[in-house]
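Here the structure is laid out as C-alpha cells; the discussion comes afterwards.
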Number of protein chains: 2
Amino acid sequence: MDVQRRLGLQIQRLRTAKGWSQEELAYRADIHRTYISGLERGTRNPTVTVVERLVKALGCTWSDLLDRTTRRAADRKSED
Amino acid sequence: MDVQRRLGLQIQRLRTAKGWSQEELAYRADIHRTYISGLERGTRNPTVTVVERLVKALGCTWSDLLDRTTRRAADRKSED
DNA sequence: ATGTGACTAATAGTCCGTT
DNA sequence: AAACGGACTATTAGTCACA
C-alpha cells in the first residue's frame with residue numbers, strides 16, 4: 001500500500017464519516033472537486049500545503065491521514 | 001508558522017538528534033543534498049512521496065514531522 | 001557541510017466536459 | 001454524487017555551480 005493510496009482511503013473514510021460529498025469537502029478545503037476525486041482514488045501526489053488544507057477541513061491530524069492506522073506497540077516490531 | 005517551516009524545523013531537529021549531516025540524510029532518503037537544505041529552510045513545498053522517503057529515513061512518523069508537537073490535552077483548547 | 005539562484009523535465013492542480 | 005478524460009498553467013522535483 002503506497003502513500004497515495006493510503007492517503008486516499010483515509011480521506012474517503014473521514015469524509016464519508018462526516019456525511020460529506022466530495023463537493024462538500026472540496027468547498028471546505030478550497031480544493032477543486034475533480035482533484036478530491038483523484039486524491040481518493042490514489043492517483044494524485046499532493047504537496048504538503050494541500051494536505052494541510054484537508055487536515056484542517058476534516059478536523060483531523062496528519063497521522064490520521066498518513067500514518068498506518070493505530071496499532072498496539074507489539075505490532076510495530078516487524079517493521080523494516 | 002506555516003506547514004513548510006514546521007516541516008523543515010522538525011526534519012532538522014530529528015536529523016541533528018541522530019548526529020547526521022544533511023548529506024547523510026540526503027543519502028539515506030535518496031534526495032539531493034541541496035534539496036534537503038531547502039526543505040529544512042522551509043523554501044520547498046514537497047509532495048507526500050518526498051516526505052514519505054524522509055519518514056522512512058528518519059524512522060519517524062508523519063505526525064513527528066507535521067503535526068504540532070505533542071502537548072497536554074489542556075494546551076489544545078485555544079486552537080482555532 | 002550548508003545556503004542559494006537558476007535551470008529543465010515532470011507533475012501538481014484547475015477547468016472544461018462526458019459517462 | 002462520483003469516476004474519468006483532455007487540455008491547460010503554475011509549481012515542484014531534481015540537479016548544478018558557486019559562495
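We use all heavy atoms of the structure for the numbers below, so side chains are in, but hydrogens, waters and symmetry mates are not. Just so it is clear: chains get the letters A, B, ... in the order the sequence lines come, proteins before strands, and each one is counted from 1.
With B/Arg53 contributing its side chain and B/Ala29 its backbone, the two residues share a donor-acceptor pair below 3.5 Å.
Between B/Pro46 and B/Leu7, the shortest heavy-atom contact is CG-CD2, 3.7 Å. The shortest non-hydrogen separation linking A/Arg13 to A/Asp64 is NH2-O, 4.3 Å.
Between B/Asn45 and D/dT12 there is a side-chain N or O to OP1 or OP2 distance below 4.0 Å. The side chain of A/Tyr35 contributes an N or O atom lying less than 4.0 Å from OP1 or OP2 of C/dG13.
For A/Glu40 and D/dC4, the CD to P distance is 12 Å, given to the nearest whole Å. Rounded to whole angstrom, the span from the CD1 atom of B/Ile36 across to the P atom of D/dT15 amounts to 12 Å. The nearest whole Å value for the distance from the CG atom in B/Leu39 to the C1' atom in D/dT15 is 14 Å.
Contacts between residues 18-33 of chain B and DNA chain C, counted as heavy-atom distances below 4.0 Å, involve B/Ser21, B/Gln22, B/Glu23, B/Arg33.
Between A/Ile36 and the choices A/Glu24, A/Gln12, A/Arg41, A/Gln22, the side-chain contact (heavy atoms from CB on, under 4.5 Å) rule is met once, by A/Gln22.
Salt-bridge check for B/Arg15 with B/Glu40: passed, with a basic side-chain N closer than 4.0 Å to an acidic carboxylate O.
A/Leu54 contributes atom CG, which lies 13.0 Å from atom CZ of A/Arg28 (distance to the nearest 0.5 angstrom).
For the pair B/Leu65 and B/Leu58, the minimum side-chain heavy-atom distance is below 4.5 Å.
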Using a cutoff of under 3.5 Å, can you pull out all pairs of nitrogen or oxygen atoms linking the protein to nucleotides 5-7 of chain D, with atom names and distances?
none

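Remark: A/Ser21 pairs with no residue by the side chain to side chain donor-acceptor pair (under 3.5 Å) rule, at least two apart or across chains.
The side chain of A/Ser37 approaches D/dC4 more closely than any other nucleotide in the set D/dG14, D/dC4, C/dA12.
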